[in-house]
Every structure is written in structure tokens, then in C-alpha cells.
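Residue numbers begin at 1 in each chain, while the letters A, B, ... track the order of the sequences. Just the heavy atoms: all of them, side chains too, but no hydrogens, waters or symmetry mates, feed the values below.
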Amino acid sequence: MKEALISLLEQSLSALEASGTLPQAPEVTPQVDHTRDASHGDLATNLAMVLAKRAGMAPRALAEAIVSGIPENTLIARAEIAGPGFINFFLNQASQVEIIGKVLAAGPAFGTSRAGAGRKVQVEFVSANPTGPLHVGHGRGAAIGDSLCRLLTATGWDVQREFYYNDAGQQINNLALSVQARARGLGPDDETWPTDGYRGTYIIDLATAYVAGATVAAADRSITALGDIDNLEAIRDFSVAWLRREQDLDLKAFGVTFDNYFLESSLYESGAVERTVATLEQAGHSYEQDGALWLRTSDFGDDKDRVMRKKEGHYTYFVPDVAYHLDKWQRGYERVINEQGADHHSTITRVRAGLQGLDQGIPEGWPEYVLHQMVTVMRDGEEVKLSKRAGSYVTLRDLIDWVGKDATRFFLAARSASSQLTFDVDLALAQSNENPVFYIQYAHARICSVKRKAQAHDANWTPQSGLEHLDQLVEPEAIALLLLLAKYPEVIEGATRQLEPHGVANYLRELAAAFHGFYNAHKMVDESQPDQSLARLALAEATRQVIANGLELLGVSAPESM
RNA sequence: CCGCCCGUAGCACAACCGGAUAGUGCAACGGCCUUCUAAGCCGUAGGUUGCAGGUUCGAAUCCUGCCGGGCGGGCCA
């Protein structure tokens, strides 16, 4: 529809150029947008205002000329000049209802595209270290990252989901020591409790399972505990697997899966870290000073140089990060998106600087980053800071237990990642009848209920048969719904391009509101009005399909009854 | 001190990367169920978009400077 209008406008422009009204101008693609206000028509263009200066005409006069140059067509009922020089298009009813047939024909595929077809993208997200349960920040990362993957898949990309973690560092040592201490019956208040030990009660469960010789299977590893309290290495291996499994269970309950788990330790074992450092040295971007090896990151936008190898001989943390991203590049991902907490934003400059220093022709802006800001959890008007199991933070599991998977996913994905988020448990839970998630799901369930009623009346009353009666749809509420349905593919395209899944959430709320409005104003199924009922059934089904498609992108269920 | 993010109605957030009268939900007030799910709908009220300049036909959006909040800045990860 949009394309058709653009084409009409281009024809008008060339006619104006031919007649000398407009000077020969460089190609401009007219910008056509959906309007916010129904009194502004269905679609509008700012073309006249953009070209006014170049044409030496007043915007409104130019708009008049453009409108008069538009060829005869069957799409537009009328075009109006408004405001400072907008051209507002009012589509005729037959053009407006076309969208229903398109939605019903495409079904679950409506809104998808082939924009990224044949191209590989990797999305790395969550990437929690196996030292404790996932917290709400990981939950936000999981909700946003997973929705990004779904959006990219829906627009044709070949997506790989990756989870990166460190299974060997000092944190893991602390973990093993903590489990060992618990296995010996010690608690955080005892004098011999390890410094920087993990104090959460999950360590007790872990220690108990280890002593009992339990077997655990995580998505990427499985192990049987030796039960030997003195074998720190065995405790470490078991603990990592146990916590990985716990994280997997939380992610599964959240509807999130991964294609690959990548271990930081593998970068040392394979020699990738050594090779990366050697390559950086050969490329001449490093130097020795004070007994340490430095990388000249300031050549690549960092505000100062960074140490790669400490005096003692160990590498600093960003070196494996660089090696890891080189590995991603060598795996052939022209696009890599890292979703992570904004508290790690300083690594962006270093990783990119390291990659530039390798002289491998990696683009400057590679990889891309989506950073999410902090989440605070409010309940009973107070900030919740502690979880029973983890001790020092609120876990993703806590949220799922409190308000359910659907509400948790929706709330965590419905806000712009760059804004801090207040998760109001009272809103998601105590006032559940006003919950935006249920509001959208309710619209979906209502439509299913309407369909059931129509079918009960007459088995031939299907949405498909309503396609022949779409001329019945003339009410303002119906038109508003149609316009929103037509917008959906652009919402998906925009959310994917900007890597902002929250646009989908906002759209769905609007769509649900438009349906509820129609439902309350008009009877959907009226036995005495078969043509009208069938048309409304088709509209309702198209709405249901789009709601279901959108919720799927957010990982939220679309129930048939509530 | 430096870097990144944010500042929009009482609260929580949108606003199609410069468009028209800045929207949505909670909270407040007033209406709508003998009828397809009232987990719904309709209406009312609520704003100098932190402040001050600048750019232009046009600014919440872009630029500069302040103010306020968050995060980060180590041979820690």
C-alpha cells in the first residue's frame, strides 16, 4: 500500500518536472508514513515541505501541485493538504480491507520478511558465570536477547544463539571453596569461612548433592559427583555443572534456549589467547613497560592504553574477550550482537580496539552491542534487594514464581533497554486485572471465544468465508483496527532494525485496545446479520493472528481461553 | 576529574531516529453487564518534555553549556 502511494507520488513528481513546475531534482524517495490521528487520513507524506525550498515554492502551493499531478487510481478516496504542507491520503474502503486477506493467507508468517535472507548473525546474551542463580538483570538480558533472536529469525536472518561463560577463574575457585566449606558444615559466620565465599543458601543444596554423589545434566555438560570433600577440583567441576543446570532450568521456564555454549577456558586450552597476543605484538600495537605487556588501545579510540599481560605473567580479562571475538569473526559471522548489562560498557572500546589491532579487516563497529540498564524490583512500595536462595540479589526465578513467565517476559522486554527499569511486582501481580500482559492475552482469548460461538451457530461461519463480505466493514472502530493491522510489518521491521523489541510490546497493547473498543461497540456474531457477522469474524481472526504473531516474538503465550 | 545511559502527567513508561493538537497503563473522578468473556468499554481531569541558549518551515528528538540521577573508569573480573 505504502509502496503503491510512493509510486504514485514519484509519477506526480516526474510529471511536474516534465512540465517545468519543478526543477530537475536529484532522485528523492518520498517518505510516506502512517498517521497518528485519523483526521489526518490513513497515510501522509511530508514531501512538499522537503522539496519546498528547492522548488522555490510555498509548501502548501507545492503540495497542491503534487496532488494535482497524481494519476488516476483506485486506491485513494481523496487527498487533502493540511497543516504546514502535509499531504494526507484517505484510502477507499476496498483498499483498507485488503489487509485482512493478506493476514489470513500468510497466517503465522504475516509480518515476516526475507530482509536478512542468507545472512548469518550471532547473538550472544545472558552469558552468566556459573557461580549462582540468574538474577533479574540476567532476566532482562534473556528477555531482550531472546526477542531479538526471534525478530531476526522472523526477518530472514540465520541466527545463532550463544552463551559464554568462565568456568575456571578465581570466582569459580571461590565457588568451590564455598561448597567445600558448606560440605564441612561451616557457615558464613564461622571464622574459617573462605574470604569472598558465596553466602547464598543454594550452596548448601549444592554441597549436599555433591556429598550424596548426585548426577547432574546441564545443557552443555553432565557429571556425577565424587563425594570426596577434599578433592577441590572435583567439587569445582560438579559445582559448575550443578549451577549451569540450575540456570538452564530457569531459562527453560523462561522460554529461552541456546545453540552453543562457549567456555572461556577453551580459549586458553586451544592456544587462542596466546595466538591473539602474538598477533597483536606482530602487528606492532604493543609495548613492554614496567615489566608488563601493554596494548596501544589509545590508537583505536580508548582514552588510555591497557595492560594485556601482568607483571606476574597472567593475562588481564579483556585479552580472552578479544580472542573470543576473533573466534566469532573466524566462524564467519558478518554480524555479531552482544546483549549485556550496561555495567560492562567499558569493555566495548577495549574489545573493538583489540580487534582493530589484529589487522584482520574487522569493521570498526563490529561487534554491535545492545546494553540494558539496571533493574530494580519494587514490592509493597519498597525496593526488594534480597532473595531467599541467592542472598544478595533478586533472582529471575523469584520473579517467575511471583508473577509468572508471561508477565515477567513482557515487563522485562516492554521497555527501552537504555532506560533503567522499575519492575513493579504489585502492578504485575496484585493488580493483575489491570495487567498489560493479560490485557493483550484477553483480547486473544476473546476472539477465540467469538470464533467458538460462530462455529457453534453454523459450522460454515469461518473467518475465511468472511472475506467475501469485507464491504460490510465501515465502522470507525473497524477502520482503526484495519490500519493497525496494516502497520504490523513495519513495526517488526523497525524493531529489528533498531534492535528494540519493546516496540512490539507497545504495538500489541494498541492493537488489543483497538479490538476491545470494536468488541464493546458492536456485536460480533449476530445470527440475523450473516454477511456482517462473517466480515467481522474475518477481521477478528486477522487481529487474533497478529496478536499471536507478536506475542510469539516476545515469548509470551497466546491463550485460547482465560 | 573523564566516559556511557537517563531526565516527558502524582507513579511507571511510549513517541515510527526532525513532523501536525506529546501518547499508553496505573492512581483519581463519573458512567456502561437480562446480550458473543466487565481480566472489558466510554467519558472527565492531569504537561513550560530538568534549566538556558543555538540550528530551521518545524525540536521531547540534533548541537553547546549547566543541574540532577544511575553505571563505569585499576597490572580486579
Closest to side chain of [X], choosing from [options]:
X: A:Asn166; options: B:G19, B:G25, B:A77; value: B:A77
X: A:Lys311; options: B:G73, B:C75, B:G40; value: B:C75
X: A:Asp290; options: B:C41, B:C75, B:A14; value: B:C75
X: A:Met374; options: B:G70, B:G25, B:C57; value: B:G70
X: A:Thr422; options: B:C41, B:A77, B:A12; value: B:A12

pair [X]-[Y]: side-chain heavy atoms closer than 4.5 Å:
X: A:Ile203; Y: A:Leu175; answer: yes
X: A:Asp42; Y: A:Gln96; answer: yes
X: A:Tyr488; Y: A:Gln545; answer: no

Which pairs, with at least one residue in residues 492-504 of chain A and sequence neighbours excluded, count as a side chain to side chain donor-acceptor pair (under 3.5 Å)?
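Sorted pair list: A:Glu493-A:Arg497.
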Reckon [X] touches a base, only the sugar-phosphate, or nothing at all at heavy-atom distances under 4.0 Å?
X: A:Ala44; result: base
X: A:His40; result: base
X: A:Asp424; result: nothing
X: A:Gln31; result: nothing
X: A:Ile348; result: nothing
X: A:Glu312; result: base
X: A:His314; result: nothing

Could you state the [atom1]-[atom2] distance from [X] to [N], rounded to the nearest angstrom?
X: A:Tyr315; N: B:A77; atom1: OH; atom2: P; answer: 14 Å
X: A:Leu508; N: B:C13; atom1: CG; atom2: P; answer: 20 Å
X: A:Met49; N: B:A20; atom1: CE; atom2: P; answer: 9 Å
X: A:Phe515; N: B:C42; atom1: CZ; atom2: C1'; answer: 17 Å
X: A:Phe318; N: B:C75; atom1: CZ; atom2: P; answer: 10 Å
X: A:Phe438; N: B:U24; atom1: CZ; atom2: P; answer: 23 Å
X: A:Tyr317; N: B:G72; atom1: OH; atom2: C1'; answer: 10 Å
X: A:Asp33; N: B:G19; atom1: CG; atom2: P; answer: 8 Å

Under a plain distance cut-off of 3.5 Å, with no hydrogens placed, do [Y] and [X] share a side-chain donor-acceptor pair?
X: A:Asn506; Y: A:Glu510; result: no
X: A:Tyr324; Y: A:Glu162; result: yes
X: A:Tyr317; Y: A:Asn166; result: no

Pairwise [atom1] distance, [M] and [N] [rounded to whole Å]:
N: B:G50; M: B:A15; atom1: P; result: 15 Å
N: B:C2; M: B:G65; atom1: P; result: 11 Å
N: B:U34; M: B:A45; atom1: C1'; result: 34 Å
N: B:U55; M: B:U64; atom1: P; result: 15 Å
N: B:U56; M: B:C42; atom1: C1'; result: 42 Å
N: B:G68; M: B:A28; atom1: P; result: 35 Å
N: B:G46; M: B:G23; atom1: P; result: 14 Å
N: B:U61; M: B:C51; atom1: P; result: 11 Å

Once each nucleotide of nucleotides 30-38 of chain B is scored for protein heavy atoms under 4.0 Å, what B/S/- sequence comes out, 5' to 3'?
-----SBBS
Let me have a per-nucleotide readout for nucleotides 4-10 of chain B, 5' to 3', with B, S or -, counting only protein heavy atoms under 4.0 Å.
SSS----
Using a strict threshold of under 4.0 Å (side-chain N to carboxylate O), is an ion pair present between A:Glu490 and A:Lys487?
no
Salt bridge flag under 4.0 Å for residues A:Arg536 and A:Glu477:
no
Looking at A:Tyr519, I'd like to know if the NZ or CZ of A:Arg446 sits under 6.0 Å from its six-membered ring centre while staying within 45 degrees of the ring's axis.
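Ring-cation test returns yes.
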Taking the six-membered ring of A:Phe163 as reference, does the NZ or CZ atom of A:Arg244 fall below 6.0 Å from its centre and within a 45° cone about the axis?
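Because its charged atom sits under 6.0 Å from the ring centre and within 45° of the axis, A:Arg244 does stack over A:Phe163.
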Ring geometry between A:Tyr369 and A:His325 (parallel below 30°, tilted from 30 to 60°, perpendicular above 60°):
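Rings of A:His325 and A:Tyr369: tilted, as their planes differ by 30° to 60°.
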Only counting residues at least two apart or in another chain, list the ones meeting salt bridge (Lys or Arg N to Asp or Glu O under 4.0 Å) with A:Glu339.
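Once residues adjacent in sequence are excluded, A:Glu339 has no partner under the salt bridge (Lys or Arg N to Asp or Glu O under 4.0 Å) criterion.
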Using a 3.5 Å limit on both pairing distances, list the dot-bracket string of RNA chain B from the 5' end; Watson-Crick and G-U wobble pairs count, crossing pairs take [ ], interstrand pairs take |.
(((((((..((((.....[...)))).(((((.......))))).....(((((..]....))))))))))))....
Show every salt bridge (charged side-chain N to carboxylate O under 4.0 Å, His left out) that has at least one partner inside residues 402-425 of chain A, sequence neighbours left out.
A:Asp146-A:Arg409
Could you tell me whether the side chain of A:Asn129 has a donor or acceptor atom within less than 3.5 Å of a complementary atom in the base of B:A77?
no
Can you find a donor-acceptor pair, distance only, under 3.5 Å between A:Asp303 side chain and B:G3 base?
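Not at all, since no donor on one side and acceptor on the other fall under 3.5 Å apart.
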Chi-angle category of B:C33 [syn within 90° of 0, anti beyond]:
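Here B:C33 takes the syn form, which means its glycosidic angle is within 90° of 0.
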Between A:Pro84 and A:Gln171, which has a closest nucleotide on RNA chain B that is more 5'?
A:Pro84
5'-most by nearest nucleotide on RNA chain B - A:Arg306 or A:His344:
A:Arg306
Between the CD atom in A:Gln529 and the CG atom in A:Asp531, the distance rounded to the nearest 0.5 Å is 8.5 Å
Is A:Phe86 stacked on the base of B:A20, meaning ring centres closer than 5.5 Å and planes within 30 degrees of each other?
yes
